[in-house]
Amino acid sequence: MAKVVVLGGGVAGMSAAHELAERGFNVEVYEHNEKYCGGKARSVDVPDTGDGGLKPLPGEHGFRFFPGFYKHVTDTMKRVPVGNGKSAFDNLTPTETITLGRDGKRPFRVLAHFPRSIKQAGFLVKNLFDADLGLTKEEETFFGERVWQLMTSCKERRINEYEGLGWWEYLEADRFSKTYQTLLVEGLTRTLVASKAKTASTKTGGDIFLQLLFNTLDPFVDTDRVLNSPTNDAWLDPWLKHLTDDLNVNYNFSSTVKEIVMENREIDHVIVEKNGEKMEVNGDYYIFALPVERMAPLLNKKMLKVDETLKSIQTLAPSVSWMNGLQIYLSEDLKISRGHVICSDSKWAITCISQPQFWPDIDLSKYGNGKVKGILSVDISDWFEKGSNGKAASECSKKEIYEEVLHQLMDSLNDGKEGPLSKELVVDWYLDSDIVETEKPYPSKVNPGHKNYSFDREPLLVNRVNTWGLRPQAHTFIDNMLLASDYVKTNTDLATMEGANEAARRAVNTIIQKSGGDQPLCKIWNLHEPWFLAPFRWADKRRFEKGLPWHHKKSILTTFLVAVAHAFLKVANLFSRKKQRSKSG
C-alpha cells in the first residue's frame, strides 16, 4: 500500500490521516507543536499552575463551537472512541441560549434552537417582546428583505455577484443605526471567524448566516454545541490515541517542514527539522495540511514552474488575522448564560462562554490552586481596534489585554450597574501563548502608523471579498502533492474545523483515485438548502443566466410570511398588554 506523508498535525492533518489509515494506507504525520495535537483546535495545560499535585488549569487556544450544520468533522468524531462504547461525538452537548451583551443595557437572550416545549416557546416570546433592541421598523424590514434575497438567490449568483460584494455593503450598514450595525451586521462575523463585516464577502457571510438560520428553525437540530470537557480531553487526545494505537499512524511532534525538493515534476522528498536535526522524509504522496501563511514560503520556483496556480497561495497568505483565547478563572461559577455570549458593543469583538456548566465531570477543585470555581472562556476577534484604554489589543502587554477584556466584559454583562462580574472574583487568567510580547515595537501592517507590541504565531485565515478565486483545490498539477487546509476550496467556505476536515477528505479522495485502489471515497456534504426554496432559486438561476438582477418584487410566499409575522406580533402584543394590565390591577 502507498505511503502518504502528512505535513501538519492539526484537524486537517489528523482528518486526512484518519481517512487514509482506515483504508489501509501507510501514514506518517509531522506536526510543528512539541506537545499538543490538533493545531488551532487544541486546549492546553496553563503553565505554572497546579499547586501541591493539583492539575494545571485548562486553557484553550481559541473558539470552540460546533454548529448544527457541521457534517464532515462530526462524522469523523463519531469514529473516535473515547471509552465505554462512546465516541467523541457523544461528548458534544447542546447549548440552550445565545446572549447579546450590550453596554449599559440588560443582556438580550434568545433560544439557541427551535422551541421544544411550551415553556421554551414562552421564554422566546417573552424575551423577544420584553427586549428593547433599539431597532427601527425600517431596519427590521430591510434586514428581513435582504435575508429573503439570500435565501432565494441561486448558487451562481452567490459565487459571481455576492463574492465581490461586502457583507457590510449588502446590508447597507452605513445608512442605518449603530445598533443595526452591531446587532445585525457584525453579530455573525464575530461569532464564527476572525473577520470583519466590512471585509467579509456576502457569499461567505450569507451562506453561513443561512445555515445558522436554517438550523435554528429546525426542531431536530442543535444550532450550537460545545464539548463536555476541555477539547483535548474530550476529543483530540483520544483521537491521537486511536490514530497511533489502533490505526498505526506514525505521528511526530516537534517536526517543522523546512524545504520541498522537486524531481521530474514531482515531489522527491521534504526536509523536516525534528528536535533541531534536519532529516529527509520520503513518501509516495504528500499532503500539506499547513496553514496558508506557513505554506506560502515553502513554494519554490520548481514547484511554481510545474503548477503556476500555486502562486495564488502566496497572494492569499496575507489574508489572515488574529483570533485568540483568554481564560478568566473565577472564585464563583457565574453561569451568566446557558450558551455563548456576544458582547455586541465591545471594541475588541469579544465573545465568551461560562465553561463549567458544560463540564459535569470536571471537578475544578482539583485544578490550579483549588480555589477556581468558574471559568469564562473569552475570544478576542478584533486586535486592531482601540479599546476604552485607547489602545488596540496588538499594542498592549498581556496584562493590559487581560485588564481591558475584563473591563469590556463588565460593561457588556453588568447592565450598566453593579453586576455578576467583578475584578474581585478573578483568581487567575491565561492568554493564549501564541500571543507573544515583542522586545521592541514594530510597525503594524493592518493599522499603518501604529506599532504592535505583540504578534500572533498562529493567525487565522479570514474570508475577504474576491478571495474565493485565489483558494486552490485539494489536488494540484504536481501529481503527488495534495493540499488539506482551511484555505482550500470547499463547500463549507469558511476557515473552520469543518472546512479543514472537508479539505482533508477531498485530498484523500484524490489519492484513492490516483493510486488506483478500490477503497470507498470519503463522503462530501453540500450546505443544506431547504427543498421549499428550490423553485425560487431555480427561477433566480434563469434570471441570472439572462443577465438579470435578483427579482425584487415580493413573492406570494414572502407576502404570506410577512402577514404571519405581523399576526404573530399583534397576538404577542395583546398578550403582553393583558399581562401588564393584570399586574397593575
Side-chain angles (χ1 to χ4, degrees), residues 6-22 27-47 55-66 70 72-84 86-93 225-255 289-291 323-325 327 353 355 358-359 361-362 367 375 377 379 430 432-434 458 460 484-486 495-505:
V6 180
L7 293 313
V11 169
M14 294 177 74
S15 299
H18 193 147
E19 300 294 345
L20 288 164
E22 281 189 340
V27 186
E28 291 183 356
V29 179
Y30 294 87
E31 163 59 25
H32 171 75
N33 196 285
E34 69 279 0
K35 182 178 180 181
Y36 299 105
C37 64
K40 297 182 182 71
R42 68 184 179 273
S43 61
V44 300
D45 294 334
V46 178
K55 299 177 182 179
L57 288 168
E60 297 274 358
H61 169 78
F63 206 67
R64 295 286 74 74
F65 175 44
F66 296 82
Y70 278 15
H72 299 89
V73 72
T74 49
D75 175 72
T76 302
M77 292 174 76
K78 291 175 182 177
R79 290 178 276 129
V80 176
V82 295
N84 297 321
K86 294 184 176 181
S87 70
F89 180 81
D90 296 315
N91 286 335
L92 290 176
T93 182
R225 297 166 295 185
V226 294
L227 289 164
N228 62 6
S229 55
T231 308
N232 277 61
D233 294 353
W235 174 31
L236 297 179
D237 287 346
W239 194 8
L240 179 62
K241 185 177 186 301
H242 178 57
L243 292 179
T244 56
D245 293 358
D246 302 331
L247 298 177
N248 299 315
V249 172
N250 183 2
Y251 191 102
N252 299 271
F253 286 103
S254 302
S255 303
L290 302 170
M323 187 179 189
N324 299 74
Q327 279 72 52
I353 189 168
Q355 205 74 75
F358 299 104
W359 294 354
D361 298 326
I362 299 295
Y367 291 77
I375 303 175
S377 187
D379 272 284
Y430 169 72
D432 177 25
S433 60
D434 276 335
E458 288 194 59
L460 185 71
S485 190
D486 55 16
T496 57
M497 298 178 287
E498 174 76 350
N501 185 281
E502 182 186 342
R505 289 167 180 253

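Numbers here simply count residues along the sequence, with the first being 1.
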Min side-chain heavy-atom separation M14-V249 under 4.5 Å: no
Using every non-hydrogen atom in the two residues, find where A484 and A504 come nearest and quote the distance to one decimal. CB-CA, 3.7 Å
Check A234 against S229 and note the closest heavy-atom contact, atom names and distance. CB-OG, 3.2 Å
Close side-chain approach of V27 and V6, heavy atoms under 4.5 Å: yes
Is there a donor-acceptor pair under 3.5 Å between the side chain of E498 and the backbone N or O of V73? yes
Which atoms form the tightest heavy-atom contact between A503 and S485, and what is the distance? CB-O, 3.3 Å
Please round to the nearest 0.5 Å and tell me the distance separating atom CD of Q355 and atom CG of N228. 10.5 Å
Once the angle between the rings of W235 and F66 is folded into 0 to 90°, is it parallel (under 30°), tilted (30 to 60°) or perpendicular (over 60°)? perpendicular
Value rounded to 0.5 Å, distance of CZ in F358 from OG in S377: 11.5 Å
Tell me which one of L243, D245, D237 satisfies side-chain contact (heavy atoms from CB on, under 4.5 Å) with K241. D245
Hey, does the side chain of S15 reach the backbone of G13 with a donor-acceptor pair shorter than 3.5 angstrom? no
One should read off an interatomic distance between N232 CG and L240 CG, to the nearest 0.5 angstrom, of 9.0 Å
CA sep, side-chain torsions, deciding dist, call: R79, E22, side-chain contact (heavy atoms from CB on, under 4.5 Å): CA-CA 10 Å; R79 290 178 276 129; E22 281 189 340; 2.6 Å; yes
For D45, does its backbone N or O pair with a side-chain atom of Y430 as donor and acceptor, under 3.5 Å? no
What are the two closest heavy atoms between P58 and Y367, and how far apart are they? CD-CD2, 3.8 Å
Just how far is it from atom CZ of F65 to atom OG1 of T496, taken to the nearest 0.5 Å? 10.5 Å
The residue among H32, K40, M323 that forms side-chain contact (heavy atoms from CB on, under 4.5 Å) with E458 is K40
Closest heavy-atom pair, N33 versus E31, reported as atoms and distance to 0.1 Å, is N-OE2, 3.0 Å
Using the side-chain contact (heavy atoms from CB on, under 4.5 Å) rule, take L227 and M77 through it: C-alpha gap first, then chi angles, then the decisive distance, then the call. CA-CA 12 Å; L227 289 164; M77 292 174 76; 4.1 Å; yes
With rounding to the nearest 0.5 Å, note down the distance linking CZ in F89 to CG in D75. 9.5 Å
Identify the heavy atoms of C37 and Y251 that sit nearest to each other, and give their distance. CB-OH, 3.3 Å
To the nearest 0.5 Å, what is the distance between CH2 (W359) and OG1 (T93)? 13.0 Å
Indicate yes or no: at least one non-hydrogen side-chain atom of E19 is less than 4.5 angstrom from one of T76. yes
Under a 3.5 Å distance rule, please check whether N252 uses its side chain to pair with a backbone N or O of V29 as donor and acceptor. yes
The single option from R42, H61, E60 passing side-chain hydrogen bond (donor to acceptor under 3.5 Å, both in side chains) against T231: E60
